[in-house]
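Since we're looking at a predicted model, the values are computed, not measured.
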Amino acid sequence: MVYLKTDEEVELLRKANLLVGKTLAELAKVIKPGVTTKQLDVIAEEFIRDNGAIPTFKGFPNPYGPEFPASICTSVNHQVVHGIPGDVCLKDGDIVSIDCGVKLDGYCGDSCYTFEVGQVSDEIKKFLSVTKESLYKGIEQAIVGHRIGDISYAVQTHCEAQGYGVVREFVGHGIGKEMHEDPQVPNYGKRGNGILLKNGLCIAIEPMITMGAIDIYMQQDMWGIITRDSKPAAHFEHSVCVRKGKADILSSFEEIEKVLREKSL
């Protein structure tokens with residue numbers, strides 16, 4: 001079932017999503033070589049709970065194995081999604097995508113950002129830039145009267161034009177009182193296909209893109225997903241509300257990127 005949100009619900013979703021952005025900005029402050037992904041998880045959980053929310057990822061059920069044990073997903077280099085925080089120590093030149101979800105006042109926030117660790121290569125910088133651009137290309141299509149396939153096509157064509165791969169097995173989703181609602185929002189597809197986008201539909205658009213082939217497999221922990229060719233993957237995500245003429249982006253990268261600019265000075 002696809003549920004359209006009232007204006008009041010959209011504002012509650014915005015509040016939750018802005019907290020996700022603030023959480024990711026807190027992590028941006030401390031990401032550097034030598035930091036472990038477990039340290040990032042501890043900071044995130046404390047910040048989320050201090051702000052009156054709960055981390056929706058922690059304890060998330062898994063049909064194949066144990067519940068997710070952490071508050072964020074930290075996927076390093078060739079991990080695509082669902083990396084479990086642990087003793088992995090970030091190194092200069094790494095990238096780490098941090099996916100974060102919260103529930104605040106009964107509504108969910110969900111967003112992801114891929115961070116550079118120290119100095120990364122120009123090749124990686126371009127890869128991250130194109131992946132993030134594809135997110136906004138998809139968002140441009142999230143307007144009343146378009147279809148899900150218009151979002152999917154925009155993401156796919158932008159990334160594939162640069163020689164990158166678009167993961168098929170994992171997709172975006174509706175968001176509301178539950179973190180994962182209908183409809184699914186693939187990052188590949190044909191224009192004009194899929195459900196009609198209506199005012200008040202809230203969805204998470206999240207390109208998951210590879211530098212190489214699109215083949216992936218699950219790690220032994222039954223959560224982490226990695227590229228089969230061990231080439232890097234990137235992941236950016238915004239939660240948005242479909243509106244007439246222009247989508248309303250409920251999450252934000254502004255505070256994250258302000259921190260990153262200040263760190264680079």
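Within the structure, every pair that satisfies the side-chain hydrogen bond (donor to acceptor under 3.5 Å, both in side chains) test and touches residues 93-103, not counting sequence neighbours, is listed here: Asn77-Asp94.
One distance of note links CD of Glu178 with OH of Tyr3; it measures 10.0 Å at 0.5 Å rounding. We find the CE-OG1 distance between Met208 and Thr227 to be 14.5 Å, quoted to the nearest 0.5 Å. For the atom pair CZ of Phe127 and OG of Ser121, the computed distance is 11.0 Å after rounding to the nearest 0.5 Å. In this structure, CD on Glu169 lies 8.0 Å from CG on Asp215, to the nearest 0.5 angstrom. With rounding to the nearest 0.5 angstrom, the CG atom of Asp92 is 10.5 Å from the CD atom of Glu116.
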Note to self: Using the rule given for ring-ring contact (aromatic ring centres under 6.0 Å, His included), can you reason through Phe60 versus His180, listing the C-alpha separation, both sets of side-chain angles and the distance that settles it, and then say yes or no?
What the structure shows: CA-CA 11 Å; Phe60 196 81; His180 294 149; 5.4 Å; yes

Margin query: Applying salt bridge (charged side-chain N to carboxylate O under 4.0 Å, His left out) to Glu26 and Lys29, what does each step give before you reach the verdict?
Written below: CA-CA 5 Å; Glu26 288 297 304; Lys29 294 175 184 177; 2.8 Å; yes

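Crowding of Asp50 atom CG: a count of heavy atoms from other residues, nucleotides or ligands under 6.0 Å exceeding 12. Within a 6.0 Å radius of CD in Gln184, no more than 12 heavy atoms belonging to other residues, nucleotides or ligands are found.
Evaluation of the salt bridge (charged side-chain N to carboxylate O under 4.0 Å, His left out) rule for Glu11 yields Arg14 as partners, not counting sequence neighbours. Scanning for side chain to side chain donor-acceptor pair (under 3.5 Å) contacts around His146 gives Gln141, with sequence neighbours left out.
Ion pair Lys38/Asp41 flagged as a salt bridge, since at least one NZ, NE, NH1 or NH2 atom sits closer than 4.0 Å to an Asp/Glu carboxylate oxygen. Under a 4.0 Å N-O distance rule, the pair Glu45/Arg49 qualifies as a salt bridge.
Taking every heavy atom of both residues into account, Asp110 and Asn17 meet most closely at N-OD1, 2.9 Å. For the pair Leu24 and Ser111, the tightest heavy-atom approach, listed with the atom from each and the gap, is CD1-O, 4.1 Å.
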